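Below is one structure; the comments refer to it alone.
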Amino acid sequence: MPELPEVEITVRTLRPKVEGKELRALRVLDPKIPQVSPLLGLPAKVDGIFRGGKHIVFAFPKKLLVIHLRMSGRLAWDEGESVPKHTRLILEFPHGRVLFIDPRRLGTVEVMEEFSKELGPDALGDLSFLEEALRESKAPIKVWLLDQRNIAGLGNIYAAEALFLAGIDPRRPASSLGPAEIARLKQAIHQVLNEALAAMGTTLSDNAYLTPAGEIGDYQPRVYGKEGLPCPTCGTPIERVELGGRGTYFCPRCQR
DNA sequence: TCATCCCTGTGG
DNA sequence: CCACAGGGATGA
């Protein structure tokens, strides 16, 4: 579910709630999740919360608590008492709590000394590295963009959306993109991510993603999930193919 | 570089 | 019932 914009919105929403606050206790409700509580030495003050690719990092004076939401996870800020269905972890603060809710149980929770993941440059940052990096891979550009070691933050929705805006066929080998196409791609990635941030992310029909405040994201994909529907630009039916095992949506006329 | 697996839920 | 799902680690 969550890609860079959803994770970034999550972090921004939680920041004023948890930064500088004391984490009193941590309750693990799912045996799949490791007992991280002793590792953190609670209670402990949250120095900061930040995003690393799609990871959410709670920074304590000596340790980091790193959460990845994977497909169906989300964090919620809650000041009530009830425990919603699929709650896997609860971070207890004096004035409220953070709930990790994850129906599919694919999300991960770990404690690290320092943040070290094999992540490429952040998708929101300077993308000038793409010129050279794309030359070295024959993988389909869509598959390349989804590999977090290449570029961090894009997922299945926004990779498809960026390629649509750039007018690039997702099946094209990365190394086949010319300078003008790469320039369009860089611009399109930033545009799509910034649009999604402004919209507070994307909430699909299943409502799996909500901000920590419980609000939906208003981003409206142009091609993702739109198989058979008319392309917003030219009206040609959107097609779906499988790339790297993931559903991939594109306009066969606008994207070449 | 690919399939397979991890899980559970939903929609056709 | 089967297909599919905003992600990623793993092993062949």
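In what follows, chains are A, B, ... by sequence order, proteins preceding strands, each numbered from 1. The structure presented is a predicted model; accordingly, all values stated were derived computationally and were not measured.
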When rounded to whole Å, the CG to P distance for the pair A:D147 and C:dG8 reads 9 Å

**Asked** Just by modelled atom types, is the A:P212 backbone N or O under 3.5 Å from a matching donor or acceptor in the A:R74 side chain?
**Response** no

Would you classify A:R240 as touching base, sugar-phosphate or nothing, given that sugar-phosphate means primed atoms plus P, OP1 and OP2, and contacts are heavy atoms under 4.0 Å? sugar-phosphate

Which of C:dG8, B:dC7, B:dT8 is nearest the side chain of A:K54? It is C:dG8

Taking atom P in both B:dT4 and C:dA3, compute the distance separating them and give it to the nearest angstrom.
14 Å

The nucleotide from C:dA5, B:dT1, C:dG7 with an atom nearest the side chain of A:A139 is B:dT1

request  = Compute whether any side-chain donor of one residue and acceptor of the other, for A:Y158 and A:E6, lie under 3.5 angstrom apart.
outcome  = yes

Regarding the side chain of A:H86, the nearest nucleotide among C:dG8, C:dA5, B:dG9 is B:dG9

Here the distance between atom P of C:dG8 and atom NZ of A:K117, to the nearest Å, is 11 Å

By nearest-nucleotide position on DNA chain B, the 5'-leaning member of A:L106 and A:D206 is A:L106

query = Does C:dG8 have OP1 or OP2 sitting under 4.0 Å from an N or O in the side chain of A:H68?
reply = yes

To the nearest angstrom, the CG-P distance between A:L243 and B:dC2 comes to 10 Å

Rounded to whole angstrom, note down the P distance from C:dG11 over to B:dC7. 15 Å

Quiz item: Do you reckon A:L89 sits in the same ILVMFWY cluster as A:L42, going by side-chain contacts under 4.5 Å, direct or chained?
Solution: yes

Note to self: Taking any heavy-atom pair under 4.0 Å as a contact, classify A:Y158: base, sugar-phosphate, or nothing.
What the structure shows: nothing

| request: Give the cluster check for A:F250 versus A:L163: same hydrophobic cluster or not, with ILVMFWY residues linked at side-chain heavy-atom distances below 4.5 Å. | output: no

* Give a yes/no on whether any side-chain N or O of A:R70 is located under 4.0 angstrom from OP1 or OP2 of C:dG8. => no

Separation of B:dC2 atom C1' from A:K142 atom NZ, nearest Å, is 15 Å

Note to self: Taking 4.0 Å as the cut-off, does a side-chain nitrogen or oxygen of A:K32 come that near to OP1 or OP2 on B:dC6?
What the structure shows: no

Quick note, A:Y249 side chain, CB onward, closest among B:dG9, C:dG8, C:dA5 is C:dA5

Rounded to whole Å, CZ of A:R149 lies from P of C:dT10 at a distance of 11 Å

A:R104 atom CZ is separated from C:dA9 atom C1', nearest whole Å, by 15 Å

Pick base, sugar-phosphate or nothing for A:N156, based on heavy-atom distances below 4.0 Å to the nucleic acid.
sugar-phosphate

- Query: Parallel, tilted or perpendicular: which describes the rings of A:Y224 and A:Y249, with under 30° parallel and over 60° perpendicular?
  - Reply: perpendicular

Taken to the nearest whole Å, CZ/A:R74 to P/B:dC7 is 22 Å

Testing B:dG9, C:dG8, C:dA5 for proximity to the side chain of A:K85, the answer is B:dG9

**Asked** Side-chain N or O of A:Q148 less than 4.0 angstrom from OP1 or OP2 on C:dG7?
**Response** no

Quick note, side chain to side chain donor-acceptor pair (under 3.5 Å) partners involving residues 52-64 of chain A, not counting sequence neighbours, are A:K63-A:E113

In whole angstroms, the gap separating C1' of B:dT10 from CG of A:L204 amounts to 12 Å

By the Watson-Crick or G-U definition, both distances under 3.5 Å, B:dT10 is matched with C:dA3

Against the side chain of A:M71, the closest entry in C:dG7, B:dC6, B:dT8 is C:dG7

Distance below 4.0 Å between A:R246 side-chain N/O and C:dG7 OP1 or OP2
yes

